[in-house]
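We name chains A, B, ... by the order of the sequence lines, and we start the count at 1 in each one. On a predicted model such as this, the values are computed, not experimentally measured, just so you know.
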2 protein chains.
Amino acid sequence: MAKRKNISAAQAWEQALTSVSRLLQKFDSNMQDKAGVSVIWYDVLLHLHHAPEKKMRMQMLSKSLVLTRSGVTRLVDRIEKAGLVRREAAVEDRRGYYAILTDEGEEALAEAQEVHRKDIRTHFGARLDKAEQQAVFNLMSKLRFED
Amino acid sequence: MAKRKNISAAQAWEQALTSVSRLLQKFDSNMQDKAGVSVIWYDVLLHLHHAPEKKMRMQMLSKSLVLTRSGVTRLVDRIEKAGLVRREAAVEDRRGYYAILTDEGEEALAEAQEVHRKDIRTHFGARLDKAEQQAVFNLMSKLRFED
DNA sequence: CGTGAATGTTTGCAATGTCAATAGTTGTCA
DNA sequence: TGACAACTATTGACATTGCAAACATTCACG
């Protein structure tokens, strides 16, 4: 790895923020253009896809989302209107609702995923070798935090 | 560094996105609470601060911003209304305008920066040693791209 | 020059996001 | 039981964003 002059924590953070943010914007517009789904929708669909029975309580979903923790009611409203998700009252707690991935939602997700994988390959995978990718994962894991 | 099982490019990206996004949300709410300025405003103020004569053409500013590339006219409207920035017609091109950092804007920036530096120290600096910070910088630089 | 394409910024309007207030439900504990 | 706090999700009111259209100015070139 090339030697460079010493960097401050702020500069490192700045660089991470900028790169991630720009990449995300790129991924988003690509996904929107080619699969008709924004990364925010993708975020929702993916979480549901991985959830048991492909369903999640609104609150759980809201806490899991990476982008946007608020406005989930309306976000789900919109995705529901597009038919990619449906709602179902929770039998065990009548205050609650589940958001459930529909078959149509699965399909949309698959399509989005295809676009996304290609983007990751060309913009991320192609610029970092395996060891570097591993390093990114490890370093970023250390920064992870829940709230 | 601890040994872990092999990770895919997608997982590494996912981790980077999640950590950066969560940290940013934290930084934003802290800055908002303690300095009355969002990271988006901070982004604007900081860019102006670093620009020659602390002024930038709208378009240049818009392209430099890390978060949000659109809606800059209105964003500047709001910041202007708060007195942290002012506009001035460009003499050399009468289509253009400069956004200029005011003294009040400098002050707000300084305050925000103080909050931000502390946040970076506790959430970023404290979790990664110098070498790791350097690694983050180097790796993220490789992902950088302009459009 | 004069005319049309290109550039820089703002505006109108619809879509999206935020936050506090509300409605309905559950849980606790005397 | 019954009263009150805590929880879940939605709603209303309002702020912010996104995008195409409009404006004003400059540029290119016959």
Side-chain angles (χ1 to χ4, degrees), chain A residues 21-22 24-33 36-45 47-48 51 55-82 84-100 147, chain B residues 21 24-33 36-44 47-48 51 55-82 84-100 147:
Chain A
S21 170
R22 291 265 148 89
L24 181 63
Q25 285 169 34
K26 183 75 176 169
F27 291 170
D28 187 35
S29 71
N30 270 165
M31 193 180 289
Q32 188 66 263
D33 292 350
V37 165
S38 69
V39 294
I40 292 185
W41 285 34
Y42 177 78
D43 197 3
V44 172
L45 299 179
H47 277 280
L48 290 178
K55 70 185 191 181
M56 257 194 235
R57 289 288 293 274
M58 294 302 283
Q59 196 152 137
M60 193 45 169
L61 178 59
S62 152
K63 272 188 283 213
S64 317
L65 293 180
V66 174
L67 322 143
T68 315
R69 295 148 119 359
S70 101
V72 175
T73 292
R74 270 152 174 150
L75 176 55
V76 169
D77 282 351
R78 271 173 264 135
I79 305 180
E80 186 174 29
K81 184 144 38 181
L84 309 188
V85 148
R86 65 192 170 79
R87 257 183 260 241
E88 196 167 277
V91 291
E92 76 281 12
D93 179 348
R94 294 196 325 194
R95 288 168 300 186
Y97 278 89
Y98 284 102
I100 310 181
D147 60 341
Chain B
S21 170
L24 182 63
Q25 284 169 35
K26 183 74 177 171
F27 290 172
D28 187 36
S29 71
N30 269 166
M31 192 179 288
Q32 188 66 261
D33 293 351
V37 165
S38 69
V39 293
I40 292 185
W41 285 32
Y42 177 78
D43 197 5
V44 172
H47 277 279
L48 291 178
K55 71 184 190 182
M56 258 194 235
R57 290 288 294 273
M58 294 301 284
Q59 196 151 143
M60 193 42 167
L61 178 58
S62 151
K63 272 188 281 215
S64 319
L65 292 181
V66 174
L67 322 144
T68 315
R69 292 150 120 0
S70 100
V72 176
T73 292
R74 270 146 175 155
L75 176 57
V76 169
D77 282 351
R78 272 172 264 135
I79 305 180
E80 186 174 30
K81 184 142 40 179
L84 309 188
V85 147
R86 66 192 168 79
R87 255 182 260 241
E88 196 168 275
V91 289
E92 75 279 12
D93 178 348
R94 294 194 325 192
R95 290 168 299 185
Y97 278 90
Y98 284 102
I100 311 181
D147 60 342

List every contact pair, protein side and nucleotides 26-28 of chain C side both N or O, where the distance is under 3.5 Å.
residue, atom, partner, partner atom, Å
C:dT26, OP1, A:Arg94, N, 3.1

Under-3.5 Å N/O pairs linking protein and nucleotides 18-21 of chain D:
residue, atom, partner, partner atom, Å
D:dG18, OP2, B:Ser70, OG, 2.7
D:dG18, O6, B:Arg74, NH1, 3.0

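Taking atom CG of B:Asp28 as the reference point, atom P of D:dT16 lies 13 Å away to the nearest angstrom. Atom NZ of A:Lys81 and atom P of C:dA14 are 15 Å apart (whole Å). As a whole-Å value, the separation of B:Gln32 CD from D:dA15 P is 14 Å. When the P atom of D:dA9 is taken as reference, atom CE of A:Met56 falls 12 Å away, rounded to whole Å. Here the P atom of nucleotide C:dG17 and the CG atom of A:Asp77 are 12 Å apart, to the nearest Å. Atom P of nucleotide C:dT18 and atom CZ of B:Arg78 are separated by 13 Å, given to the nearest angstrom. At whole-Å resolution of the value, NZ in B:Lys63 and P in C:dT7 are 10 Å apart. Note: CE (B:Met58) to P (D:dC23) measures 20 Å, nearest angstrom.
Side chain of A:Glu88 to backbone of A:Ile100: no donor-acceptor contact under 3.5 angstrom is found. No donor-acceptor pair closer than 3.5 Å links the side chain of A:Ser62 to the backbone N or O of A:Val72.
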**OP:** Show your working on side-chain contact (heavy atoms from CB on, under 4.5 Å) between A:Asp77 and A:Arg74 and close with a plain yes or no.
**Re:** CA-CA 5 Å; A:Asp77 282 351; A:Arg74 270 152 174 150; 4.0 Å; yes

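Where A:Leu75 and B:Tyr97 meet DNA chain C, the nucleotide closest to each residue was compared, and B:Tyr97 sits on the side nearer the 5' end.
In this structure, CE in B:Met58 is found 4.5 Å from CZ in B:Arg87, a value given to the nearest 0.5 Å. Once rounded to the nearest 0.5 Å, the distance linking OG of B:Ser21 with NZ of B:Lys26 reads 13.5 Å. Atom CG of B:Leu65 and atom NZ of B:Lys63 lie 12.0 Å apart (nearest 0.5 Å).
A:Ile79 pairs in a side chain to side chain contact (heavy atoms under 4.5 Å, CB included) with only one of the listed residues (A:Leu45, A:Val37, A:Leu48), which is A:Leu45.
B:Ile40 comes within contact range of the sugar-phosphate backbone alone, with a heavy-atom separation under 4.0 Å but no base atom that close.
A cation-pi arrangement is absent between A:Arg57 and A:Tyr97, since the terminal nitrogen or guanidinium carbon is not both under 6.0 Å from the aromatic centre and inside a 45° cone about the axis.
Of the side-chain N and O atoms in B:Gln59, one or more sit less than 4.0 angstrom from OP1 or OP2 of C:dT9. At the phosphate of C:dT9, OP1 or OP2 sits under 4.0 Å from a side-chain N or O atom of B:Arg57.
Annotation for B:Val66 and A:Gln25: closest pair O-NE2, 3.1 Å, computed over non-hydrogen atoms.
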